[in-house]
Asks: 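Okay, handing you the structure first.
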Amino acid sequence: MNKGGNAGPLSEMFQRLLDTYGPQGWWPAESRFEMIAGAILTQAAAWRNVELALDNLRSAGINTWPAVDALPTGTLAELVRPSGYYNAKARKLKAFAAHVCEGYGGDLDRMFASDTETLRRELLGIYGIGPETADDILVYAAGKPSFVIDAYTIRILKRVGLAPVERDNYDGWQRLFHAGIPADAQVYNEFHALLDRHHKVACAKNAPRCHDCCLMDICATGTAAVVSSPVL
DNA sequence: GTCCAGCTAA
DNA sequence: TTAGCGGGAC
């Protein structure tokens with residue numbers, strides 16, 4: 001038994017990434033409202049475009065869930081247009097607003113008072129909140145340890161040579177992290193942010209820059225890529 | 001023109 | 001399991 005799970009390959013990765021890039025200071029939003037709205041708006045969209053949508057909401061004075069609750073869906077859709085899928089996303093924002101307003105009088109602290117698993121199930125029951133968005137909200141708004149899995153996370157881990165014990169799906173990958181890293185919201189927060197950073201600077205989907213990658217010596221793909229094509 | 005990518009509904 | 005939802009970057 002290793003001390004607090006600190007000797008496993010995931011903890012090794014975390015330390016390497018932290019030493020290389022430093023703390024990332026996530027979530028990149030101005031307020032808890034913008035954090036949660038951003039988590040919904042960033043579904044299948046680049047954060048750059050989400051910022052344009054958040055700017056529109058801010059300019060329109062929409063900065064609370066009761067304000068979203070009171071806004072017509074069509075008006076909301078026009079404001080969030082830059083993030084794409086704007087009609088669907090307006091409906092999702094309205095669903096979250098209705099939930100927090102009708103169930104908790106618009107008070108997020110009251111909604112987030114329950115334990116991690118209870119809150120996660122509750123979030124997944126809201127229209128438009130799937131596993132990744134639920135975990136974004138749990139870690140970055142509620143401060144609860146529920147590891148965020150995204151396409152970048154899975155791509156980097158597969159290249160390094162790690163895989164879930166069970167199914168190759170969201171829950172399987174999340175269980176891999178929960179088994180290998182102590183349940184600490186701050187650590188989950190930082191690790192996910194570092195994986196995003198690593199994807200941007202080194203482990204991109206196409207043409208990863210394996211030279212000077214900080215994980216090179218523990219990466220199954222990187223070491224092979226040096227002598228062949230760097231594209232997986 | 002091609003790529004990117006989470007969720008719902010069927 | 002797959003189609004539909006849409007924008008912006010390149």
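Naming: A, B, ... by sequence-line order, numbering from 1 per chain.
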Asks: Is there a residue in residues 121-142 of chain A whose heavy atoms reach under 4.0 Å of DNA chain C, and which residues are they?
Replies: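 Hits under 4.0 Å, by residue number: none.
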
Asks: Between A/Tyr152 and B/dC4, is there a side-chain N or O to OP1/OP2 distance below 4.0 Å?
Replies: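 Checking A/Tyr152 against B/dC4: no side-chain N or O falls below 4.0 Å of OP1 or OP2.
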
Asks: side-chain contact (heavy atoms from CB on, under 4.5 Å) with A/Asp19: which residues, sequence neighbours excluded?
Replies: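 Scan of A/Asp19 (side-chain contact (heavy atoms from CB on, under 4.5 Å), adjacent residues dropped) gives A/Gln15.
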
Asks: With A/Phe33, which of A/Trp27, A/Phe96, A/Trp65 fulfils ring pair (Phe, Tyr, Trp, His ring centres under 6.0 Å)?
Replies: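 Filter result, single survivor: A/Trp65.
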
Asks: Within the 4.5 Å heavy-atom criterion, are A/Thr42 and A/Ser83 side-chain neighbours or not?
Replies: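 No, their side chains stay 4.5 Å or more apart.
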
Asks: Looking at A/His99, A/Arg91, A/Lys94, which one forms a side-chain hydrogen bond (donor to acceptor under 3.5 Å, both in side chains) with A/Tyr127?
Replies: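 By the side-chain hydrogen bond (donor to acceptor under 3.5 Å, both in side chains) criterion, A/Tyr127 pairs with just one of A/His99, A/Arg91, A/Lys94: A/Arg91.
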
Asks: With A/Asp150, which residues qualify under side-chain contact (heavy atoms from CB on, under 4.5 Å), at least two apart?
Replies: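 A/Glu132, A/Tyr152, A/Thr153, A/His192.
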
Asks: Under 6.0 Å between ring centres: does that hold for A/Phe147 and A/Phe191?
Replies: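 Yes.
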
Asks: Among all residues two or more places apart in sequence or in another chain, which pass the ring pair (Phe, Tyr, Trp, His ring centres under 6.0 Å) test with A/His211?
Replies: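 Ring pair (Phe, Tyr, Trp, His ring centres under 6.0 Å) list for A/His211, sorted by chain: empty.
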
Asks: List the residues meeting side-chain contact (heavy atoms from CB on, under 4.5 Å) with A/Lys144, not counting sequence neighbours, and say none if there are none.
Replies: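 Residues passing side-chain contact (heavy atoms from CB on, under 4.5 Å) with A/Lys144: A/Thr116, A/Leu119, A/Leu138, A/Ala142.
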
Asks: Of the residues in residues 79-87 of chain A, which ones touch DNA chain B at a heavy-atom distance under 4.0 Å?
Replies: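 Residues of residues 79-87 of chain A under 4.0 Å from DNA chain B: A/Tyr85.
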
Asks: Could you check whether atom CD of A/Glu78 has more than 12 heavy atoms from other residues, nucleotides or ligands sitting under 6.0 Å from it?
Replies: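 Check passes, neighbour count above 12.
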
Asks: Tell me the interatomic distance from A/Asp171, atom CG, to B/dG6, atom P, rounded to whole angstroms.
Replies: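 Result: 15 Å.
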
Asks: Would you mind reading off the distance between A/Arg91 atom CZ and B/dG6 atom C1', rounded to a whole angstrom?
Replies: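 Rounded to whole Å, this separation is 15 Å.
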
Asks: Going by atom type alone, with no hydrogens or angles, which donor-acceptor pairs under 3.5 Å involve a side-chain atom of residues 67-77 of chain A and a protein atom two or more places apart or on another chain?
Replies:
none

Asks: Nearest whole angstrom, please: distance from the C1' of B/dA9 to the NZ of A/Lys92.
Replies: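 Rounded to whole Å, this separation is 12 Å.
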
Asks: Between C/dG6 and B/dA10, how far is it from one P atom to the other, in whole Å?
Replies: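 It comes out at 16 Å once rounded to the nearest Å.
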
Asks: Please work out which residues in residues 29-52 of chain A have a non-hydrogen atom less than 4.0 Å from an atom of DNA chain B and list them by number.
Replies: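 Those residues whose heavy atoms fall under 4.0 Å from DNA chain B, taken from residues 29-52 of chain A in numerical order, are A/Gln43, A/Ala44.
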
Asks: Taking any atom closer than 4.0 angstrom to a non-hydrogen atom of chain A, what span of DNA chain C does the protein reach, first nucleotide to last?
Replies: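 Listed 5' to 3', the contact boundaries are C/dC5 to C/dA9.
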
Asks: Name all pairs fulfilling the side chain to side chain donor-acceptor pair (under 3.5 Å) condition that reach into residues 44-53 of chain A, sequence neighbours left out, sorted by first residue then second.
Replies: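 Residue pairs with at least one partner in residues 44-53 of chain A: A/Trp47-A/Glu51.
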
Asks: For B/dC4, does either OP1 or OP2 sit under 4.0 Å from a side-chain N or O belonging to A/Lys205?
Replies: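 It does, given that an N or O in the side chain of A/Lys205 lies less than 4.0 Å from OP1 or OP2 of B/dC4.
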
Asks: Sort and list the pairs that fulfil salt bridge (charged side-chain N to carboxylate O under 4.0 Å, His left out) and have at least one residue in residues 105-119 of chain A, not counting sequence neighbours.
Replies: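 Every pair satisfying salt bridge (charged side-chain N to carboxylate O under 4.0 Å, His left out) with a residue in residues 105-119 of chain A: A/Arg32-A/Asp109.
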
Asks: In whole angstrom, give the distance that lies between atom CG of A/Asp196 and atom P of B/dC4.
Replies: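 Answer to the nearest Å: 16 Å.
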
Asks: Mind checking side-chain contact (heavy atoms from CB on, under 4.5 Å) for A/Arg197 and listing every partner two or more places apart, or none if nothing turns up?
Replies: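 Checked A/Arg197 against side-chain contact (heavy atoms from CB on, under 4.5 Å); matches are A/Tyr21, A/Gln24, A/Val201.
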
